[in-house]
Structure formats: C-alpha cells, structure tokens
There are 2 protein chains.
Amino acid sequence: MRSEQVEPTEQACNQALVAVRDSLYVIGGKWKLPIIIALVQANGPVRFRELQRLLETITPKVLSKELKDLELNEFITRTVYDTTPVTVEYQVTDYSKTLGNVLFELREWGMQHRTRLKAATRARREKASAQ
Amino acid sequence: MRSEQVEPTEQACNQALVAVRDSLYVIGGKWKLPIIIALVQANGPVRFRELQRLLETITPKVLSKELKDLELNEFITRTVYDTTPVTVEYQVTDYSKTLGNVLFELREWGMQHRTRLKAATRARREKASAQ
DNA sequence: GATAGCAGTATCCCAAAGGATATCGGTATC
DNA sequence: GATACCGATATCCTTTGGGATACTGCTATC
C-alpha cells in the first residue's frame with residue numbers, strides 16, 4: 001500500500017506537509033526526546049527535580065515548559081499528590097509508544113545517511129589527494 | 001524485527017538519539033520540504049528564479065542557503081550551464097526518494113495525532129458545558 | 001533558627017533562524 | 001540608453017528557542 005506511486009496533487013501534498021510538520025513539531029526541539037527517553041528508562045514515575053537531575057543540564061524554566069507541551073500532546077501524565085509541599089510525578093503514557101514507527105524510521109534513515117555522507121567526503125578527499 | 005522490545009541501554013539510546021536528530025535536522029526548518037516538494041512536482045529541472053516563484057514567499061538569501069544544504073545532503077543536484085549570464089538548474093536526486101518511509105510515517109502519525117487531539121479537546125469542551 | 005529540599009515562576013540575556021531590502025555584473029528588450 | 005531579467009550575495013532587522021540567575025511558599029532537618 002505504501003509503495004504505490006500516484007501523481008500527487010498539490011492539495012494532497014499540502015495536507016501531507018501539514019501532517020509531517022505537526023509530527024516534526026511535537027518531537028522537535030532540544031529536549032522533547034531526551035525527556036521522553038529519561039522517563040522511559042526510569043520505568044516508573046519521576047518527580048520534577050529528579051528529572052532535572054537525570055537530564056543534567058536542563059534549566060527548570062525549560063523543563064517546566066517542555067513538560068507542559070508533552071502533557072498537552074498526551075505523551076506524559078502529570079500527577080499531583082496532596083502532600084505539603086506538593087509532590088508531582090511525571091510518567092510516559094502508552095500513547096507515546098505510537099511514536100515507535102516514526103522514531104524507528106528516523107533512526108534508520110539517520111544512521112544510513114551518516115555513513116553515506118562519510119563515504120562521500122572520504123571519496124572526495126581521496127580524489128583530491130590523487131590529483 | 002522492529003517490534004522486539006529489548007531493554008535499551010543508555011549507550012544505544014544515545015546513539016539512536018543522534019541518528020534521529022540527524023534526520024530531523026536535514027528535513028527540518030521552514031523550507032526544506034517545500035523546496036523538495038516543488039522540485040518533485042516540477043518533474044524536471046528548475047532554475048533559481050523559477051523556484052523562488054514557485055515557493056512564492058521565500059527570499060533569495062534563504063533559498064540560496066537552503067539549496068546549498070540540500071545539495072550537501074545529496075537531495076538535489078545543481079547544474080551550471082556555461083551561458084552568459086549563467087543558467088543554473090536544480091533537480092531532485094534518486095537519493096531523496098529514500099526519505100519515502102520516513103515521510104510516510106511522519107505523515108501518518110501527524111494525521112492520526114491531529115484527529116486525536118481534536119477529539120480530546122471536543123471531549124473536554126462537552127464535559128465543561130455539561131457541568 | 002539557619003539550611004536544604006520541593007515544584008516550579010519571573011526576569012533578563014544570547015544566539016540562531018529567517019525576513020526585508022538593496023545590490024552585483026552581465027545580457028536581452030523596448 | 002533606460003528597463004527588466006538572471007543567480008545570487010550583503011546588510012540590517014525581528015522572532016524564537018533556550019540558558020542564567022534569582023526567587024517564591026512550604027517543610028523537614030541540623
């Protein structure tokens with residue numbers, strides 16, 4: 001199904017472009033994926049400060065903003081416990097696993113591309129020094 | 001193969017993250033995909049000014065920079081004809097087609113995500129007005 | 001009663017991405 | 001001989017993403 005090649009209309013292309021951009025937006029930026037990875041690796045709920053420690057160099061302002069975005073996109077849940085002072089726990093959702101295929105393809109293509117470019121620059125260097 | 005769930009080491013995660021980021025970088029930004037799409041739809045070589053016209057609102061500085069990036073990543077070729085003044089033609093490469101799967105997944109996920117979020121906000125609205 | 005931890009927020013600052021506008025040397029057109 | 005087109009480049013400007021630092025109200029610990 002995915003390999004069929006129809007002539008794409010401009011309409012369809014624009015719709016596709018919007019969808020692709022949506023995806024790029026929600027996983028883009030410096031911290032979205034590192035946060036998700038940290039939460040996955042924690043394999044359980046993680047509190048705000050602990051998350052900050054796991055990510056080492058993130059500032060609280062940025063962490064706070066990114067967590068809000070991730071929550072809006074339903075990649076994580078935020079649970080507030082009525083202690084004093086409050087305890088807040090973050091956790092990845094099952095929905096975040098739907099990113100699996102996307103991330104798989106991005107990773108595969110990225111690895112392939114890196115080796116390809118490396119080979120290309122090596123070839124250029126050798127050609128240059130052979131002259 | 002792609003569905004096997006092994007406990008990911010931090011090492012492997014970091015490598016994967018780098019690869020994913022590589023991919024996001026080469027197709028990210030405001031104009032990379034629109035330029036590729038325009039060249040694909042043109043179905044043949046396109047000159048600089050013509051490309052600028054097709055993209056409507058891109059400035060020559062940005063177009064020039066993006067084309068250089070795309071050429072470095074081997075998504076397009078740049079051919080200079082020795083006329084006076086010079087004629088320059090841009091064309092998509094076969095290699096750019098290797099993005100197919102990545103773009104397919106990004107599009108599918110993006111569409112699905114949009115309808116999901118729409119449903120979620122509708123549900124919230126109805127719940128709010130029912131109170 | 002000073003100190004440290006919690007979950008953030010507020011303010012200021014910097015660098016990168018991208019846009020606006022002008023310009024280049026050359027030629028074809030009016 | 002003025003004008004417009006070609007493929008860009010140069011300069012200046014704004015917006016955005018993100019970092020640095022300080023601070024809040026509250027509590028448990030020394």
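Lettering follows sequence order; numbering is per chain, from 1. Just so we're clear, the structure is a prediction, and the values are computed from it rather than from any experiment.
- Look at A:Ser64 and you'll find a side-chain N or O under 4.0 angstrom from OP1 or OP2 of C:dT9.
- Straight-line distance from the CG atom of B:Leu67 to the C1' atom of D:dA8: 11 Å, rounded to whole Å.
- A:Arg21 places a side-chain N or O within donor-acceptor distance of the main-chain N or O of B:Lys30, the cut-off being under 3.5 Å.
- Side chain of B:Thr93 to backbone of B:Phe75: a donor-acceptor contact under 3.5 angstrom is found.
- For B:Ile35 and C:dA17, the CD1 to C1' distance is 14 Å, given to the nearest whole Å.
- A cation-pi contact links A:Arg116 to B:Tyr95, judged by a cut-off of 6.0 Å to the six-membered ring centre and 45° from its axis.
- Put simply, the side chain of A:Gln112 gets close to the backbone of A:Trp109: a donor and an acceptor are under 3.5 Å apart.
- Between the P atom of D:dA8 and the OH atom of B:Tyr81 lies a distance of 13 Å, rounded to the nearest Å.
- For the pair B:Asp82 CG and C:dG26 P, the computed distance is 14 Å after rounding to whole Å.
- Rounded to whole Å, atom C1' of C:dT9 lies 14 Å from atom CZ of A:Arg49.
- Residue-environment remark: CZ (B:Arg114) stays at or below the threshold of 12 foreign heavy atoms within 6.0 Å.
- Whole-Å rounding puts the A:Leu24 CG to C:dA17 P distance at 16 Å.
- As judged by a 4.0 angstrom heavy-atom cut-off over every strand, B:Tyr90 is placed among residues touching the sugar-phosphate backbone only.
- Taking atom CD of residue B:Gln52 and atom C1' of nucleotide C:dA20, one finds them 12 Å apart after rounding to whole Å.
- Atom-to-atom, CG of B:Leu63 to P of D:dG7 comes out at 10 Å; the value is rounded to the nearest Å.
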For a quick check, with a 4.0 angstrom heavy-atom cut-off, what is the B/S/- contact string for nucleotides 14-30 of chain D, read 5' to 3'?
----BBB-----BS---

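- In the set C:dA7, D:dG7, C:dC6, the nucleotide with an atom closest to the side chain of A:Arg53 is C:dC6.
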Could you go through the side-chain contact (heavy atoms from CB on, under 4.5 Å) check for B:Asp22 and A:His113 one step at a time?
CA-CA 8 Å; B:Asp22 283 352; A:His113 187 59; 5.8 Å; no

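- At the phosphate of D:dG7, OP1 or OP2 sits under 4.0 Å from a side-chain N or O atom of B:Arg47.
- Judged purely by atom type and a 3.5 angstrom limit, B:Thr121 uses its side chain to pair as donor or acceptor with the backbone of B:Leu117.
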